[in-house]
Amino acid sequence: MTPPSTTSATGQAHAPVVEFVQRFSSTPRGARLARRLLLHQLDAWGVVYGSEASETAAQLVAELAANAVTHGRVSGRDFEVGAEILDGATLRIAVSDARGELRPPAPGVPRSATPPLAENGRGMLLVELLADRWDVLDRPPVGKTVVAELDLVPEPPPGSAYDTAGHSAC
């Protein structure tokens, strides 16, 4: 069933919003499952498994889920992964955890330097590099949500005469 279209505050109709929300145990296994289920859902929505958008989304949810498990874990509390496609052009991934007081630096805020061979400390740097936009939001009554958005660019059909840059391959 197709979800109903949404209407903006100005009365302008928008394409339907498709949404996925699931809670996972705050464990490494839960983080892996979150990534796998999200990729399966994206494929069902037409973001083809193995495509550039799918691979980028996989990396984003892997980093955000790992952060939720590592830094946002509260005993007995799950973390939540949500995703939606807005207007058929933007994938929004949201990962929520129960630790609102432990927040990554806001987008654009300089970070302390992480040594290149450090075992941790690069997750949000990767999110910043891969996502077109991201932010940290409060999650009432407790916790935080890290949101990363990825602009979806239609990929040419397999075997078409256009390469990924949109130029003729002939």
Any L91 side-chain heavy atom under 4.5 Å of V47 side chain: no

Residues in side chain to side chain contact (heavy atoms under 4.5 Å, CB included) contact with R23, at least two apart in sequence or another chain: D78, E80, R139

E63 side chain reached by L130 side chain, heavy atoms, under 4.5 Å: no

With sequence neighbours excluded, residues passing side chain to side chain contact (heavy atoms under 4.5 Å, CB included) with Q22: F20, F24

Minimum heavy-atom distance L42-A57, with the two atoms named: CD1-CB, 3.6 Å

Closest approach of F79 to S26 (non-hydrogen atoms, all atoms of both residues): N-OG, 3.7 Å

Residues forming a side chain to side chain donor-acceptor pair (under 3.5 Å) with S25, sequence neighbours excluded: T27

Partner set under side chain to side chain donor-acceptor pair (under 3.5 Å) for D151, not counting sequence neighbours: R133

Shortest non-hydrogen contact between D97 and A68, atoms and distance: OD2-CA, 3.8 Å

Pairwise distance OG1(T56) to CG(L129) - rounded to 0.5 angstrom: 11.5 Å

Residues that T145 engages under side chain to side chain donor-acceptor pair (under 3.5 Å), provided they are two or more places apart: S96

pair V21-V81: side-chain heavy atoms closer than 4.5 Å: no

S51 (side chain) donor-acceptor with V48 (main chain) under 3.5 angstrom: yes

Smallest separation among heavy atoms of M124 and W134, with atom names: CE-CZ3, 3.3 Å

Straight-line distance of L39 CG to S54 OG, nearest 0.5 Å: 4.5 Å

Distance in Å, I85 CD1 paired with T90 OG1, rounded so as to fall on 0.5 Å steps: 9.5 Å

L86 side, atom CG; E149 side, atom CD - distance, nearest 0.5 Å: 6.5 Å

V127 and L64, any side-chain heavy atoms less than 4.5 Å apart: yes

Smallest separation among heavy atoms of V69 and A31, with atom names: CG2-CB, 4.1 Å

With sequence neighbours excluded, residues passing side chain to side chain donor-acceptor pair (under 3.5 Å) with R35: none

Inter-residue atom distance R92.CZ - E19.CD, 0.5 Å rounding: 10.0 Å

Residue that, paired with I93, satisfies side chain to side chain contact (heavy atoms under 4.5 Å, CB included) out of L38, V147, L150: L38

Donor-acceptor side-chain pairing of Q59 and E55 below 3.5 angstrom: no

D138 with K144: basic N within carboxylate O range, under 4.0 Å: no

